[in-house]
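Heads up, the thing below is written out as C-alpha cells.
Counting starts at 1 for both ligands and their atoms, following the listed order. All values below were derived from every heavy atom in this structure, side-chain atoms included, with hydrogens, water molecules and symmetry-related copies excluded.
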Amino acid sequence: MKGIVFTEFLELVETKFGIEMVDEIIEVSNLESGGAYTSVGTYKFSEMLSLLTNLSERTNISINDLLKVYGHHFFRVIEDSYQDILKMYKGPMDMISSIESHIHVEVRKIYPDAELPRFIIIEQTEEKLILEYFSSRSMYAFAHGLMEKTFQHYNHSATITYELIKDDGSHVKFVILKDAEPQT
Ligand code: HEM
C-alpha cells in the first residue's frame, strides 16, 4: 500500500482525535515500519489494518465508518493532486465508471506497485450504475466515501447502496442512483 494512504490517514487521525492518538495507535500497532511513513514509500496493508483496528477500539467507531470518513478526506487529496484527471469527465457517473478502465490504469503507471481494487460494471444508464468491487483489502467503505465525494465534486447527488456478496467484504455490489437535477 502506498505511503500516501498512510500519511493522509495519520493526518486525518491527528485532526479528528489529536496527535496523542496518532502516537498511541502507532505504538500499540507494533509496526514493521515503525510508523515513519513517507508519501512515496510502500508499506504492508497489514499495518493499515492494525492502525485502523486500534483506532476503532479506542474511539468506538467501526472500521467501516472510519474508512468511509477517510474516503471523504482522501477525495480532497485527489482534488488537490489529480485535477487533470477529474477535468476529463463531464460528471460523476462518467468518472466512477472509468476508475477501472482509465483512472486506476493511470495510477498504476505512476505507482507500478499500487494495490488497487477491481471494479466491474454490471449495468450502466444515465441515472443508474451498478458496479462490483473486488479486493482482498475489503476497503469498500473507503470506496463508498470516495463515491459520495465524487458526486459532491461535480455538484450532483446520489443514493448509493451496497451489498456484500462475500461476507469478508472482498466482493461487494454497489448500486448508484443519480438524482435528477444538479444541486446548486
Ligand atoms: C486506492 C488513486 C479514484 C477506489 C487507491 C490508491 C491510489 C488511488 C494512489 C492507493 C493504492 C495503494 O495504496 O497501493 C486514485 C486516483 C483517483 C482515484 C488518483 C482519481 C483521480 C477512485 C475512486 C474510487 C476509488 C473515485 C471509488 C470507487 C479506490 C479504493 C482503493 C483505492 C477502494 C483502496 C484499495 C482497495 O480497495 O483495494 N486509489 N483513485 N479510487 N482506490 Fe483509487
* Structure fact -> Going by the 4.0 angstrom heavy-atom rule, the piece of T42 near ligand 1 is neither
* Which value, rounded to the nearest 0.5 Å, describes the distance between T150 atom OG1 and I78 atom CD1? -> 7.0 Å
* To do: Please find the N/O/S atom of H104 nearest to atom 43 (Fe) of ligand 1 and write down its name.
  => NE2
* Asked: Quick one: nearest non-hydrogen protein atom to atom 17 (C) of ligand 1, plus distance?
  -> I103 CG2, 3.4 Å
* Min heavy-atom dist F45 to ligand 1 below 4.0 Å -> no
* Considering heavy atoms of the protein only, find what lies nearest to atom 25 (C) of ligand 1 and give residue, atom and distance to 0.1 Å. => L146 CD1, 3.3 Å
* Quick one: are the ring centres of F151 and H156 less than 6.0 Å apart? -> no
* Are T161 and F174 close enough, and set up right, to give a side-chain contact (heavy atoms from CB on, under 4.5 Å), and what steps lead you there? -> CA-CA 6 Å; T161 52; F174 281 94; over 6 Å; no
* Asked: Which residue owns the protein heavy atom closest to atom 10 (C) of ligand 1, what's the atom, and how far is it?
  -> V5 CG2, 3.7 Å
* Can you tell me which residue and heavy atom of the protein come closest to atom 38 (O) of ligand 1, and the distance to 0.1 Å? -> S135 OG, 2.5 Å
* **Criterion side-chain contact (heavy atoms from CB on, under 4.5 Å) on L131 and I120, from CA distance to verdict** => CA-CA 6 Å; L131 287 174; I120 292 178; over 6 Å; no
* Identify, for atom 21 (C) of ligand 1, the protein heavy atom at the shortest distance, and state residue, atom and that distance. => I78 CG2, 3.5 Å
* Name the closest protein heavy atom to atom 6 (C) of ligand 1, giving the residue it belongs to and the distance to 0.1 Å. => L116 CD2, 3.8 Å
* atom 2 (C) of ligand 1: nearest protein contact (heavy atom, Å) -> V107 CG2, 3.4 Å
* Structure fact -> Restricting to heavy atoms, the pick from G145, S170, P117, S136 nearest atom 30 (C) of ligand 1 would be P117
* Non-hydrogen atoms of I99 versus ligand 1: any pair closer than 4.0 Å? -> yes
* To do: Consider ligand 1: state whether an atom of it lies below 4.0 angstrom from any non-hydrogen atom of F119.
  => yes
* **Flag, side chain of Y162 to backbone of E132, donor-acceptor distance under 3.5 Å** => no
* Structure fact -> Note: heavy atom closest to atom 14 (O) of ligand 1, options E115, E100, H153, belongs to E115
* **Y43 side-chain N/O to T38 backbone N/O, donor-acceptor pair under 3.5 Å** => yes
* To do: Indicate whether the side chain of D113 and that of T42 have a donor and an acceptor atom separated by less than 3.5 Å.
  => yes
* For the pair Q124 (side chain) and S97 (backbone), establish whether a donor and an acceptor sit closer than 3.5 Å, ignoring hydrogens and angles. => no
* Which residue owns the protein heavy atom closest to atom 37 (O) of ligand 1, what's the atom, and how far is it? -> Y133 OH, 2.6 Å
* Structure fact -> Quick look: R137 vs ligand 1, heavy-atom contacts under 4.0 Å, and the answer is side chain
* Does any N or O in the side chain of T15 come within less than 3.5 Å of the main-chain N or O of E11, such that one atom is a donor and the other an acceptor? -> yes
* To do: Please say whether K2 places an N or O atom under 3.5 Å from an N or O atom belonging to ligand 1.
  => yes
* Short side-chain donor-acceptor distance under 3.5 Å, S62 and N64 -> no
